[in-house]
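Naming: A, B, ... by sequence-line order, numbering from 1 per chain. What you see is a predicted model; the values in this text were computed from it and never measured. Any value given below was found using the heavy atoms of this structure, including those in side chains, with hydrogens, waters and symmetry copies removed.
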There are 2 protein chains.
Amino acid sequence: MDDTEELRRSGLRVTAPRRAVLEAVRQLPHADADAVLTTVRASLPSVSVQAVYSGLKALADVGLLRRIEPAGHPARYERRTGDNHHHVVCRSCGAIDDVDCAIGPSPCLTPSSSHGFAIDEAEVTYWGLCPSCGVKSAA
Amino acid sequence: MDDTEELRRSGLRVTAPRRAVLEAVRQLPHADADAVLTTVRASLPSVSVQAVYSGLKALADVGLLRRIEPAGHPARYERRTGDNHHHVVCRSCGAIDDVDCAIGPSPCLTPSSSHGFAIDEAEVTYWGLCPSCGVKSAA
DNA sequence: GCCTATTCTGGAATCATTCAAGAATAGTGG
DNA sequence: CCACTATTCTTGAATGATTCCAGAATAGGC
């Protein structure tokens, strides 16, 4: 299924900016809005900042993209959706990698106490140093 | 151990704004900077915004406060530190509650694959609706 | 091909937070 | 108790990511 088809099935209008945003996130998993903008402009030089933001929002709203917001970093976007996998974030450079569910299939965590909250998602973020930053700090 | 003593032991200068910040976070667990500012000004009306921000940062840096940053919300601060407990966040009103470690003592989660990252923390955030927002949305 | 709702463009605004320069002050040594 | 110096405070401006706005463009149904 190509991007155009995915957009249509999700009930979104198929526009050049949206296809380009979808394609950019495919090329750059965990890209932030700025990186997406740069990539999109390689093929569509006149796309506005807002077209990218609203495209990212529309795509995330229908589930074609997943938005992750690591503390202290701008939001990142990825196409791997629906499995609630987790992420490792490098404290030094902000690099992100996927991590499969810690325990079994998603939703993979049950809190020991929920204080009456109706919980629908368990989000896990691992923090540390990526391979290349780890080497630098050890030196 | 009172606030003054805690500050001193952590190697921080004891100032009125810092004591007030520490006291405010004790009164309001999971308060954001703005709520802390308001509370601090109840006793010290002329404290600046930056005194609160720099106080929060200094206190968090030495571990007297823990800073949490739920996606889409301003940073919150709490005095319960050192146990890496987790949080439930209400999607509707942003209310936060503590949740004990999902599995055993902290650090309580081990990723199935780390991609070479040197991981030092597993942060878990549960998302859902708090008791009062859950009631409203069910109605 | 036309019509209308949706999306896009350009520009300004918002929010949380941080930076900068100079005044105030905590804590040390005398 | 006082002076000294580094730290912290004040005021005010700046930053970065993101959103809001009004009007122009356009996707998709008829």
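In this structure, the CG atom of B:L37 is 14 Å from the P atom of C:dT18, given to the nearest Å. Rounding to whole angstrom units, CG of residue A:L7 and C1' of D:dG28 are separated by 14 Å. Rounding to whole angstrom units, CZ of residue B:R67 and P of C:dA16 are separated by 13 Å. When rounded to the nearest whole Å, the span between CD1 of A:I68 and P of D:dA17 equals 16 Å. The CZ-P distance, from A:R19 to C:dC8, rounds to 11 Å in whole Å. Across the protein-nucleic acid pair, A:E69 atom CD and C:dC15 atom C1' stand 14 Å apart, rounded to whole Å. Rounded to a whole Å, the CG atom of A:D34 is 10 Å from the C1' atom of D:dG16.
Taking OG of A:S43 as the reference point, atom CZ of A:R19 lies at 9.5 Å (rounded to 0.5 Å). The structure places CD of A:E23 at 11.0 Å from CG of A:L44, a figure rounded to the nearest 0.5 Å. Summarising the geometry, atom NE2 belonging to A:H115 is positioned 11.0 Å from atom OH belonging to B:Y126; distances are rounded to the nearest 0.5 Å.
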Could you go through A:E123 and A:H87, starting from their C-alpha distance and side-chain angles, then the distance that decides it, and tell me whether this counts as side chain to side chain donor-acceptor pair (under 3.5 Å)? CA-CA 9 Å; A:E123 176 189 7; A:H87 297 97; over 6 Å; no
Passes side chain to side chain donor-acceptor pair (under 3.5 Å), A:H73 versus B:E69? Steps please. CA-CA 11 Å; A:H73 295 273; B:E69 297 176 54; over 6 Å; no
Is there a side chain to side chain donor-acceptor pair (under 3.5 Å) between B:H86 and B:D100? Walk through the geometry before answering. CA-CA 6 Å; B:H86 309 310; B:D100 289 320; over 6 Å; no
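Using modelled atom types, no side-chain atom of A:R18 and backbone atom of A:T4 make a donor-acceptor pair closer than 3.5 Å.
By the 4.0 Å N-to-carboxylate-O rule, B:R67 lies too far from B:D61 to be salt-bridged with it.
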Contact string for nucleotides 24-30 of chain C, one letter per nucleotide 5' to 3', B = base within protein heavy-atom range under 4.0 Å, S = sugar-phosphate only, - = neither, reads -BBS---
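If you check residues 42-59 of chain A against DNA chain D, the residues with a heavy atom closer than 4.0 Å are A:Q50, A:Y53, listed by number.
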